[in-house]
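The structure appears right after this line, and notes come after that.
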There are 2 protein chains.
Amino acid sequence: MEKKVTLKDIAKKAGVSTSTVSRVLNSSLPVNSETKNKIIKIIEETGYHPDFTARSLRLGKSNTIGIIIPDISNPFFSMLVKGADDYLKEKNFSTLICNSGNEKNDEKTLKFLIEKKPDAVIYAGIGNIKIFKNVGIPIVFTDRLEKDENFSYVVSNNYQGMTDMLEYLIKTKHKSYVFISGNNNIFSANERLRAFKDFTSTHNVISKIIHSDYSFDSGIDVVNNLSEFPDVIVCSNDLTAYGVIHGLKLRNLNVPKNLSVTGYDDLLFSEMLNPSLTTVNQPVYNMGKAAAEIILNMIEKNNTSVRIFKNELIVRNSTKNSGG
Amino acid sequence: MEKKVTLKDIAKKAGVSTSTVSRVLNSSLPVNSETKNKIIKIIEETGYHPDFTARSLRLGKSNTIGIIIPDISNPFFSMLVKGADDYLKEKNFSTLICNSGNEKNDEKTLKFLIEKKPDAVIYAGIGNIKIFKNVGIPIVFTDRLEKDENFSYVVSNNYQGMTDMLEYLIKTKHKSYVFISGNNNIFSANERLRAFKDFTSTHNVISKIIHSDYSFDSGIDVVNNLSEFPDVIVCSNDLTAYGVIHGLKLRNLNVPKNLSVTGYDDLLFSEMLNPSLTTVNQPVYNMGKAAAEIILNMIEKNNTSVRIFKNELIVRNSTKNSGG
DNA sequence: CTGAAAGCGCTTACAG
DNA sequence: CTGAAAGCGCTTACAG
């Protein structure tokens, strides 16, 4: 393991000052082309790499964007991260991904992250917004919307998406509904629930709401505790729908013959399931990308913005098309 | 956005030197308890956070571990990352996740990462090993094994796992095999293929090998190009098996009634599929964790090591249990 | 086009 | 138990 080569070493070898080497490195000021070439050659020979830490300290910025998510192994979030990371990499920023585990850890995670001095943060957690009041760097919230103009937001139209789903179900003659909602301090879960409540108050249907937590297991549990079955079980996300379908199979009920099941998110696997899942697609990769675009914009121009994505109904084979 | 509070500010307010504040911060040397409390109070009041960049520069280490993977949206890798990240976070290290995209980008990704000066690197890509010769920091390779004692490795026993699968299949009377292999510069794919070749050379079965690339689509393609079907299609990974099952459905063939299909990896979704997938489980979360343990050990004690995990046959419903 | 010098925010021998 | 000083590896006004 050879000793680290520094800018000073390069300067000494080239017989110039560190200033000059730095100028070549950053193309910040013109340098005599002969000495420039000499310096470049020495850099290549020695395999010199600028020390990013030192540069960050000096410039007061790290070209790093922090991103906080609850769980990287959840396909929704890993796709969100990919969307952001692909874009940021292209713009020469790097991404510091922080897996908070759950909302109680969000504040701790944020502190941990802030110490690394990222230039900005993309936040896709569900913690209390007030922990962000004093961090002093740009933040974009993803998958949530609040009435605070100091922040930027990227959301998708959960209310409209769920409404589209319900309109489709009523049109295909589904008359009785069980709605499995997500945790009620999650923005997206609340919006989808709101759509369901508005739907039931304006349509003549039988309905029941069950509060849950977006998990696979919760879908199984709900099915196990159900004594009679509706025409359709509307799940607030795909993973719960997977659990519901799994649970119904264990009870020897056929989807969609006996009843329909719907999801929300359109995870990669939803079309591979049997039956393939009728759900609502969120453009999650593009949402991640949009968050990245907005955050770079905030760093440069210091202006906040809101971006709302459309959700799209995807009809597949887990819903009956005629109805009973 | 208030001005950044530095250690110097704290020192001035407390009427002590920066050395003393630093000692309180790091508990590196005893400090008079009265002044200590005073300093702690001021730190809390001001909301001071030490600048990680400055500390890194001074100490020559960043408490950051880089991890290079081909694709964060692939569940195998996101789980690997989670295993490593959970452990590292606990040990107060942070993880810099680099999504290389594909093997051609590995070298570029590595350069990008090295500039950030991580203390070590976990590499789960498939690029040429020689790009690591001169990086000068500890490296652990995950999911590959080479004959170079300068590095550490975490692998699982792919050869044994695939052999177990094949022994199960022959025992359940599968006589004809199509084997869909992964890309042949991937270590795991090669090991699984080797197991298959050894199996066919010692058993009296009909077999055919098709080279592919681990993708979902490739599974569909293989099925579409098959004119006659074997007793079982053995896939080198789960995702390809998903594609195969999907493709067979489109051709109105029932799994496992008409033929069996097997995978490798045991992704989270494999038990949710219909039929649920017979596959081989790799303890990927623990492999990520092991990589993290080894890398911290290398940083401290500078000794390399190799860790081999067992793979476990998981029999589910995509294989016929009697055979025809 | 170029160099000497200051400084980013820390930590740590050194001296007391 | 404490402080003054040096230095980690860079960049950038400033002066020429």
Side-chain angles (χ1 to χ4, degrees), chain A residues 2-40 42-43 46-64 92 94 114-119 136-137, chain B residues 2-40 42-43 46-64 92 94 114-119 136-137:
Chain A
E2 66 265 35
K3 205 172 141 288
K4 190 200 293 195
V5 184
T6 71
L7 188 145
K8 214 165 151 188
D9 299 329
I10 305 293
K12 195 179 289 172
K13 279 194 185 166
V16 297
S17 73
T18 57
S19 320
T20 302
V21 177
S22 177
R23 278 161 201 148
V24 170
L25 237 31
N26 301 297
S27 313
S28 48
L29 277 179
V31 170
N32 175 292
S33 74
E34 211 167 308
T35 58
K36 187 172 176 175
N37 289 332
K38 190 173 172 190
I39 290 169
I40 289 174
I42 293 173
I43 288 175
T46 53
Y48 167 74
H49 282 290
D51 184 312
F52 203 84
T53 305
R55 181 181 279 172
S56 294
L57 179 59
R58 178 58 230 246
L59 297 179
K61 63 200 188 72
S62 59
N63 264 44
T64 300
N92 251 304
S94 68
I114 291 300
E115 290 195 358
K116 310 285 180 178
K117 306 286 175 203
D119 297 335
I137 58 175
Chain B
E2 67 264 36
K3 206 174 142 285
K4 190 198 295 194
V5 184
T6 71
L7 188 144
K8 214 164 153 188
D9 299 329
I10 305 294
K12 195 179 290 173
K13 279 194 185 165
V16 298
S17 73
T18 57
S19 319
T20 304
V21 178
S22 176
R23 277 160 200 149
V24 170
L25 238 31
N26 300 298
S27 312
S28 48
L29 278 178
V31 170
N32 176 291
S33 73
E34 210 168 308
T35 58
K36 187 173 175 173
N37 289 332
K38 189 172 170 192
I39 289 170
I40 289 173
I42 293 174
I43 288 175
T46 53
Y48 168 74
H49 283 289
D51 185 310
F52 203 85
T53 305
R55 181 180 278 171
S56 294
L57 178 59
R58 178 58 230 245
L59 297 178
K61 64 202 187 69
S62 59
N63 264 43
T64 299
N92 251 304
S94 69
I114 290 301
E115 290 195 359
K116 310 285 179 179
K117 305 287 174 200
D119 296 336
I137 58 175

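What you see is a predicted model; the values in this text were computed from it and never measured. Side chains included, hydrogens not; waters and symmetry mates left out as well; all remaining heavy atoms used. Letters go in sequence order (proteins before strands), and every chain restarts at 1.
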request  = Take the protein atom CD1 of A:I10 and the nucleotide atom P of D:dG9, then report the distance between them rounded to whole Å.
outcome  = 13 Å
message = Between B:S28 and A:N32, which residue's closest nucleotide on DNA chain C lies nearer the 5′ terminus?
response = A:N32
inquiry  = Reading DNA chain D from 5' onward, which residue's closest nucleotide shows up sooner: B:L57 or B:L29?
reply    = B:L29
request  = Might you point out which heavy atoms bring B:A54 and A:L57 nearest each other, and give the distance in Å?
outcome  = CB-CD1, 3.8 Å
request  = Name the nucleic acid region contacted by B:S56, choosing base, sugar-phosphate or nothing; use a 4.0 angstrom heavy-atom cut-off, strictly under.
outcome  = nothing
ask   = What is the distance, rounded to the nearest whole Å, between atom CD1 of B:I39 and atom C1' of D:dC1?
value = 12 Å
ask   = Taking for each residue the nucleotide of DNA chain D bearing the nearest heavy atom, is the 5' side occupied by B:L59 or by B:S17?
value = B:S17
inquiry  = With heavy-atom distances below 4.5 Å as the criterion, would you say the side chains of A:I43 and A:L25 are in contact?
reply    = yes
C:dG3 phosphate, OP1 or OP2, under 4.0 Å from A:T18 side-chain N/O = no
task = For D:dT12 and D:dG16, measure between their C1' atoms and round to the nearest Å.
result = 16 Å
ask   = Can you tell me the Watson-Crick or wobble partner of C:dA4, both distances under 3.5 angstrom?
value = none
inquiry  = Rounding to an integer number of Å, can you tell me how far A:R23 CZ sits from C:dA4 C1'?
reply    = 11 Å
inquiry  = With rounding to the closest Å, how many angstrom separate the P atoms on C:dA13 and C:dG9?
reply    = 23 Å
note = For B:T18 and B:K8, the nearest pair of non-hydrogen atoms, with its separation, is CG2-CA, 4.0 Å
query = Do the side-chain N or O atoms of A:T6 get closer than 4.0 angstrom to the phosphate oxygens (OP1, OP2) of D:dG9?
reply = no
task = Quick one: look up who C:dA13 pairs with, Watson-Crick or G-U, both distances under 3.5 Å, and put none if it's unpaired.
result = none
query = Does some side-chain heavy atom of B:N63 sit less than 4.5 Å from a side-chain heavy atom of B:D119?
reply = yes
note = Rounded to the nearest 0.5 angstrom, the NZ-OG1 distance for B:K117 and B:T53 is 14.0 Å
query = Tell me: CD1 of A:I43 to C1' of D:dC10, nearest whole Å?
reply = 13 Å
task = Using a 4.0 Å heavy-atom cut-off across all strands, classify A:T35 as base, sugar-phosphate, or nothing.
result = sugar-phosphate
key: Length of the line joining B:R55:CZ and C:dC10:P, which is rounded to integer Å   = 8 Å
note = Only one of A:T20, A:V24, A:N26 passes side-chain contact (heavy atoms from CB on, under 4.5 Å) with A:S22, and that residue is A:N26
query = In whole Å, what is the span from the OH atom of A:Y48 to the P atom of D:dG9?
reply = 10 Å
remark   = When rounded to whole Å, the CG to C1' distance for the pair A:N26 and D:dT11 reads 8 Å
remark   = Whole-Å distance, A:F52 CZ to C:dC8 C1', equals 15 Å
message = When you measure from the side-chain N and O atoms of B:S19 to the phosphate of D:dG3, is any distance below 4.0 Å, counting only OP1 and OP2?
response = no
message = Using a distance-only criterion (donor-acceptor N/O pair, under 3.5 Å, no hydrogens), is the base of C:dG9 paired with the side chain of A:R58?
response = no
